[in-house]
Amino acid sequence: MLDKNGIAKRIAKEVQDGYYVNLGIGIPTLVANYVRHDIEVEFQSENGVLGMGPFPFEGEEDADIINAGKQTITTLPGASFFDSALSFSMIRGQHVDLTILGAMEVAENGDIANWKIPGKMVKGMGGAMDLVASAENIIVAMMHTNKRGASKLLKKCSLPLTGVGCVKKVVTNMAVLEVTPRGFKLLERAPGVSVDDIRNATEGRLIVEGTIPEMVL
Amino acid sequence: MLDKNGIAKRIAKEVQDGYYVNLGIGIPTLVANYVRHDIEVEFQSENGVLGMGPFPFEGEEDADIINAGKQTITTLPGASFFDSALSFSMIRGQHVDLTILGAMEVAENGDIANWKIPGKMVKGMGGAMDLVASAENIIVAMMHTNKRGASKLLKKCSLPLTGVGCVKKVVTNMAVLEVTPRGFKLLERAPGVSVDDIRNATEGRLIVEGTIPEMVL
Amino acid sequence: MINKKVSSVEEALIGVTNNMTFMLGGFGLSGIPENAIAQLVKLGVSGLTCISNNAGVDDFGLGLLLQQKQIKKMVSSYVGENDEFERQMLSGELEVELIPQGTLAERCRAAQAGFPAIYTPAGYGTEVAEGKETREFDGKMYVLEHAFKADFAFVKAWKGDEAGNLIFKGTARNFNPNMCGAAKITVAEVEELVPLGELDPNQIHIPGIFVKRIFQGAVYEKRIEQRTVRQKST
Amino acid sequence: MINKKVSSVEEALIGVTNNMTFMLGGFGLSGIPENAIAQLVKLGVSGLTCISNNAGVDDFGLGLLLQQKQIKKMVSSYVGENDEFERQMLSGELEVELIPQGTLAERCRAAQAGFPAIYTPAGYGTEVAEGKETREFDGKMYVLEHAFKADFAFVKAWKGDEAGNLIFKGTARNFNPNMCGAAKITVAEVEELVPLGELDPNQIHIPGIFVKRIFQGAVYEKRIEQRTVRQKST
């Protein structure tokens, strides 16, 4: 079983040289810490910055330079700032190569629900609906099951959708899965997790073909 | 009868303090020379400049600073450059207060034709169709009749249209006319031109009410 | 040049009345029109519809208007971080319309640019698209979203001049440029109002034609919502 | 940073073949991709569809491609000032699609921003709208115009860096920013390629994400089409 950092570490291996990447809040944010140093990657934040760097040193925070999580950030040489319309032109126009975001539920057809729980205070979708509706390459980072042990990889989402048929890959604390027309195809197991463990934790249709390797982190 | 400069001079009186103005090629360009000096006006050119000044002094021309007529220009303090999309946002979004352009024909319902003569080489509409489709305040500057003496103020345009029902006012070498739901309403006569002269030169419906004053230039 | 300068926030907000619709720039607390918001609190206008990506925090930004119950409806993409907001929303006092962030930006831009509506893929197949026209282009589905209509747009820039030209700084830019000229009256407040001619015409983010009134804000707190830092390695 | 720099115009145009559709920035002869055009002449590719506001003059700009009969179709708003163009058009050798200038800009921007189509009032009631969907919004009529699809966009900027960030100068900006990222491959040529970090991130007109390849043009003639001057009063 992986912890959140383990999930981030595994997803970081999906980030390729020359990718523009948008990271959602939560586990996805951690991905930046594990991207290989020998490749060139630029992080976009939908509030209007490309080329984000690490957090600023204490005393160097600037209220005018934040990320989509409203955290103070820095920028790297070659960075740029832009307005919200141009920012979503990057996203909608499919100029961002990879989108990594969290989810409450993912369905076997690639539907995703990550913005609203009926009866609870709804904070809003922010840029998530734009991201999932447009991105060609979406990886979901999440726990395989919720706090009550119920599967988050479902036949059909029970929560209000954020987008339809858009998720390409899911990386959980238990497995790496590809969303295919036939369902969740199991690609890798987390260390110490068996195929049966994954089968038991997956409500949606799981496709297991051949021997499933253990993740290399 | 007015000459081209006379038409421009009369139109200049329509330009009010605080107006953003787009001037077409030909007679409209001359309007800038006659705008009162005690009012503040900014000239927009659809190729991407607001706050145009006079032509540059010899030797100070810059190939990167031109107007929509491709002429070298200068800018005044407070000017700005922008891309074509933002330029037409100004026009389509009705932020430009007054558009002055030439025409081959104007119809009594406000239709305008100024871009194409069938059988002749067509150069294109440039920004004219965007301007006439969006501007709330359009003044046409033109000769009352063509070179063969035929009226250019018609019941219906014979040439391919540039825009429908959009012209508000026409200033010719003979008259100032308002386009109303009932036709061309005669507002002013050019010096030395009689109402009958104008009637004879106008094919479209002409409305003459009361005494028609002579233009004050 | 056409002079857009007004001498005070009071003058800048002349014409503001109850039940109006406002656009307000800013993302989180970054780039929000602090002085206009303070003046709206002072004026006490109510029944407001506010189009703004976020709703501030309890004691800053739009939260200040929420505390005074001046807002009838919020149109936003994300409204967390605000207890009073949550209370009013759950009690039904406050109407909330949540829309995708990119859709919000583009509905502003449509109003600025004279487009009646746009087709965006965001929200297709979700409750955001319910009751809206959808349409296929090249095998992909889109939702028709209409341009906003607003009475005032309140934006905040870094520098500006009397002609109304604006330059923004960092991510405080966000929705501000897209809201300029998207309402009947656009009021820009700036940290620094510089003399005419001082801004490079090449480097103006928003030309003055989109701005009706401009003033220099008296004071900017520029509060940081999530202060995140790293330690200097020794 | 992702490095977009290529060492030469030859490398920048790798992949260009016959019968492709290109977008080319520029208004008149201002801000045109001079080096890319020269290379296209050299490559001799033909059957081209060129989306460009103008078509150059006989011996400069796109006129150079017209002389070599490399262009099959022009999509432009204004094509005067070019005898060879006129000859080919009247003889039927050259197909010409004339569209309003603002529509041209916005069909580029739609491609850049992922919009399938836009509703614009330009051309309603004229032959430009023939065969196109029209629609009323709020009592005004609009024409549905589709996003362009192109293989390459050739743009010219003033300054750029290896990350592909671009800054334009004066009215040489025009359509160039709107074409960036609007084709499968965007090639930017710049007068000056500056070291990474030299451009102010606040003042970048087009972020590098919209640019695939960037190179410094060998030489720029920057020809003036209408030299207009005034005399110094003595």
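Side chains are part of it too, since the values below use all heavy atoms of this structure and drop only hydrogens, waters and symmetry mates. Note on naming: letters A, B, ... go to the chains in the order of the sequence lines (proteins, then strands), and numbering restarts at 1 for each one.
Distance check: C:Leu65 CG to C:Leu24 CG gives 7.5 Å after rounding to the nearest 0.5 Å. With values rounded to the nearest 0.5 angstrom, A:Glu58 atom CD is found 9.5 Å from C:Lys232 atom NZ. Taken from CD in A:Glu108 to CG in A:Leu177, the straight-line distance is 12.0 Å, to the nearest 0.5 Å.
Of the atoms belonging to C:Leu104, not a single heavy atom falls under 4.5 Å from chain A. Using a 4.5 Å cut-off between heavy atoms, A:Ser87 does not touch chain C at all. Residue contact with chain C, scored on non-hydrogen atoms closer than 4.5 Å, involves the backbone of A:Thr162 exclusively. Using a 4.5 Å cut-off between heavy atoms, A:Phe81 contacts chain C through both its backbone and its side chain. For a residue to count as touching a neighbouring chain, one of its non-hydrogen atoms must lie under 4.5 Å from one of that chain's; by this rule C:Asn178 touches chain A with the side chain only. Contacts of C:Asn53 with chain A are absent, with no heavy-atom separation under 4.5 Å from either backbone or side chain. Contact annotation for C:Glu191: only side-chain heavy atoms (C-beta onward) come within less than 4.5 Å of a heavy atom of chain A. For chain A, the nearby parts of C:Gln231 are the backbone and the side chain; heavy atoms of each come within less than 4.5 Å.
Counting only heavy atoms from C-beta outward, the side chains of A:Phe43 and A:Asn67 never approach each other to under 4.5 Å. At a threshold of 4.5 Å between non-hydrogen side-chain atoms, the residues A:Phe184 and A:Val106 count as touching. Looking only at side-chain heavy atoms (C-beta outward), A:Lys169 and A:Leu187 come within less than 4.5 Å of each other.
Contact count versus chain A (heavy atoms, under 4.5 Å) is highest, among C:Cys108, C:Gly31, C:Pro100, for C:Pro100. No other option in A:Val49, A:Val164, A:Asn47 has as many heavy-atom pairs under 4.5 Å with chain C as A:Asn47. The candidate with the highest count of non-hydrogen atom pairs below 4.5 Å against chain A, out of C:Glu225, C:Arg223, C:Arg109, is C:Glu225. Heavy-atom pairs under 4.5 Å with chain C peak, among A:Thr72, A:Val122, A:Ile65, at A:Thr72. With chain A as partner, the option from C:Ala172, C:Pro177, C:Ala122, C:Gly170 having the largest number of non-hydrogen pairs under 4.5 angstrom is C:Gly170. Of the listed residues (A:Ala63, A:Ala133, A:Gly126, A:Gly124), the one with the most heavy-atom contacts under 4.5 Å to chain C is A:Gly126. When the candidates A:Lys70, A:Met129, A:Glu46 are compared by the number of heavy-atom contacts under 4.5 Å with chain C, A:Lys70 comes out ahead. Considering only heavy-atom pairs separated by less than 4.5 Å from chain C, the leading option among A:Ile66, A:Leu161, A:Val132 is A:Ile66. Chain C forms more heavy-atom pairs under 4.5 Å with one residue of A:Ala68, A:Gly48, A:Ser45 than with any other, namely A:Ala68. By number of non-hydrogen pairs under 4.5 angstrom with chain A, the leading residue of C:Leu90, C:Ile99, C:Val96 is C:Ile99.
Taking the six-membered ring where the residue is Trp, C:Phe168 and C:His205 present parallel rings, their angle staying beneath 30° rather than reaching 60°.
Checked for salt-bridge contact, A:Lys168 and A:Glu14 miss the test: no charged N lies under 4.0 Å from a carboxylate O.
The cationic atom of C:Arg107 (NZ for Lys, CZ for Arg) lies less than 6.0 Å from the six-membered ring centre of C:Phe148 and within 45° of the ring axis.
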Quick one, C:Lys156 with C:Glu34, criterion salt bridge (charged side-chain N to carboxylate O under 4.0 Å, His left out). Give me CA distance, side-chain angles, the key distance, then yes/no.
CA-CA 8 Å; C:Lys156 189 258 169 184; C:Glu34 296 187 20; over 6 Å; no

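Inspection of the C:Gln101 and A:Ser84 side chains reveals no N or O donor paired with an N or O acceptor under 3.5 Å.
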